[in-house]
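Have a look at the structure below, then the notes.
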Amino acid sequence: MTDPAPAAPATAGAAVRVAAARLAAAGVPSPRVDAEVLLAHGLGVDRAEVRRLAVLDRDLPADVAARFAADVDRRAAREPLQHLTGVAPFRHLELAVGPGVFVPRPETEQVAQVAIDEAARAVARDGAAVVVDLCTGSGAIALAVATEVPGARVHAVELDGAAHGWAARNVASASRAAAHDAAHDAAPDVTHDVVHLVRGDARTALRDLDGSVDVVVSNPPYVPPGAVPRDPEVAEHDPAVALYGLGEDGLEVPRGVTAAAARLLRPGGLYVMEHAEVQAADARAMVAAAGGFGPAETLDDLTGRPRMVVARRSGAGTAPDARRAAGRTVTD
């Protein structure tokens with residue numbers, strides 16, 4: 001239990017200093033940043049404006065100061081920052097998140113990058129690309145591909161009802177933004193959702209696309225049952241269904257996703273899946289055991305850790321290997 005906070009400071013500078021100290025004492029990894037983000041959320045401004053107000057030590061409205069103090073209490077209790085603000089950044093997107101959906105992480109942005117690069121190559125080569133995101137969660141990867149690769153038709157699959165609800169909200173928001181942009185570009189015919197979202201089992205969904213997909217990407221649950229995450233924000237607030245991959249090695253769900261990727265991909269199509277850094281060798285073996293793929297490779301995330309397996313669907317027309325397509329590889 002954390003101690004109750006003292007009375008809320010009445011100025012921006014004092015509020016941020018007190019909040020940062022409180023969050024640091026509670027073990028929050030980025031206390032100053034989190035304090036600034038929470039105050040920015042309360043004021044309805046960006047962090048740059050909060051820093052300016054803090055330097056000038058401007059007075060805070062009493063209601064803002066009180067709400068900020070309450071949010072700091074919740075963050076000190078290790079409630080996720082994204083649950084307090086209601087949004088999570090992912091690449092150029094701002095996604096709606098909250099209880100019931102996995103909060104997207106910066107390290108997954110590199111998984112999205114591999115899918116984006118491959119989809120862009122397919123569009124350049126064929127004029128279009130078909131991309132499938134299995135276990136989409138908030139829709140982060142699917143929406144990143146859809147909004148960064150014109151010409152990509154993206155399908156996303158999520159089974160869990162709560163997560164699907166958050167994904168639907170994010171897809172709807174992105175679709176409204178796309179329709180608004182199209183209207184300004186005098187192209188009002190853009191009316192469909194930017195992502196085709198399906199509630200279903202990743203292992204069996206989208207059978208009408210079998211053998212026609214250019215990219216299958218997934219950040220499935222993969223944590224082994226005994227490996228409880230250390231951070232309270234993850235262990236106590238991310239839904240277990242989005243964390244634990246079942247089986248002794250945590251790869252039971254990923255095996256089903258990999259089999260679905262083999263079914264969906266065209267010859268030469270690319271599969272990329274996030275995993276834990278300790279699962280690199282097992283993930284490559286999993287892909288090999290599934291059959292239908294060329295040699296699997298392990299790629300690093302942005303922190304240099306081995307965090308994704310990449311493989312191409314075997315068969316006629318196989319494109320350049322994953323090393324050239326996706327970046328540096330590691331062996332374990």
Side-chain angles (χ1 to χ4, degrees), residues 90-93 108-134 136 139-157 171 174-175 178 181-182 185 187 189-190 192-198 202 205-219 257-274 284 287-288 290-302 308-329:
F90 188 80
R91 295 180 67 86
H92 68 288
L93 301 167
T108 304
E109 294 186 7
Q110 187 61 19
V111 176
Q113 186 68 61
V114 174
I116 286 165
D117 290 345
E118 181 67 15
R121 278 188 287 272
V123 171
R125 182 183 64 243
D126 302 325
V130 179
V131 180
V132 170
D133 176 14
L134 298 176
T136 194
I141 297 175
L143 285 166
V145 177
T147 55
E148 294 186 46
V149 186
R153 184 67 178 119
V154 182
H155 306 260
V157 179
V171 168
S175 298
D181 292 345
D185 292 338
D189 57 325
V190 179
H192 59 75
D193 285 340
V194 297
V195 168
H196 172 226
L197 177 64
V198 173
L206 302 175
R207 289 197 175 276
D208 56 323
L209 296 179
D210 284 2
S212 67
V213 176
D214 296 288
V215 186
V216 172
V217 58
S218 183
N219 179 17
V257 169
T258 302
R263 166 176 60 82
L264 288 162
L265 285 167
R266 63 165 179 79
L270 192 72
Y271 176 45
V272 53
M273 189 203 82
E274 181 173 315
R284 292 195 304 274
V287 172
F293 290 99
E297 300 182 280
T298 301
L299 302 185
D300 291 346
D301 67 10
L302 291 175
M308 69 190 94
V309 64
V310 177
R312 287 199 181 276
R313 188 69 170 86
S314 56
T318 300
D321 66 32
R323 180 182 288 103
R324 294 200 301 272
R328 188 174 72 82
T329 63

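All residue numbers refer to positions in the sequence shown, counting from 1.
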Margin query: If you compare all heavy atoms of A144 against all heavy atoms of R91, which two are closest, and at what distance to 0.1 Å?
Written below: CB-CD, 3.9 Å
Check: Looking at CG of D301 and CD of Q113, how far apart are the two atoms once the value is rounded to the nearest 0.5 Å?
Finding: 13.0 Å
Margin query: On a heavy-atom basis, which atom in A140 and which in L93 lie closest, and how many Å separate them?
Written below: O-CD1, 4.0 Å
Next item on the list: For the pair R312 (side chain) and G268 (backbone), establish whether a donor and an acceptor sit closer than 3.5 Å, ignoring hydrogens and angles.
Entry: yes
Notebook entry, point to check: CE of M308 to CD of E297: how many Å apart, nearest 0.5 Å?
Noted result: 12.0 Å
Checklist line | Gap separating the CG atom of D208 from the NE2 atom of H155, nearest 0.5 angstrom | finding: 7.5 Å
Checklist line | Derivation of the side chain to side chain contact (heavy atoms under 4.5 Å, CB included) call for D214 and R125 | finding: CA-CA 11 Å; D214 296 288; R125 182 183 64 243; 4.0 Å; yes
Next item on the list: Any chance you could measure L143, atom CG, to S175, atom OG, to the nearest 0.5 Å?
Entry: 8.0 Å
Margin query: So, using side chain to side chain donor-acceptor pair (under 3.5 Å) as the criterion, who are the partners of R263 when residues are at least two apart?
Written below: D210
Next item on the list: Would you name the heavy atoms of A119 and V131 that are closest together and state the gap between them?
Entry: CB-CG2, 3.8 Å
Next item on the list: Dump the intermediate steps for side chain to side chain contact (heavy atoms under 4.5 Å, CB included) on V217 and V111, then the final yes or no.
Entry: CA-CA 8 Å; V217 58; V111 176; 3.7 Å; yes
Margin query: Which heavy atom of A142 sits nearest to which heavy atom of A156, and what is that distance?
Written below: CB-CB, 3.8 Å
Note to self: Nearest 0.5 Å, please: how far is CD in E274 from CG in L299?
What the structure shows: 12.0 Å
Notebook entry, point to check: With side chains defined as the heavy atoms from C-beta onward, is the minimum distance between D133 and V145 less than 4.5 Å?
Noted result: no
Notebook entry, point to check: Just how far is it from atom OG1 of T136 to atom CG of L197, taken to the nearest 0.5 Å?
Noted result: 7.0 Å
Note to self: Run the ring-ring contact (aromatic ring centres under 6.0 Å, His included) test against F90 and tell me which residues pass, sequence neighbours left out.
What the structure shows: none
Check: S218 and L134: which non-hydrogen atoms are nearest, and at how many Å?
Finding: OG-O, 2.8 Å
Note to self: Tell me the closest heavy-atom pair linking F293 and L265, and the distance in Å.
What the structure shows: CE2-CD1, 3.8 Å
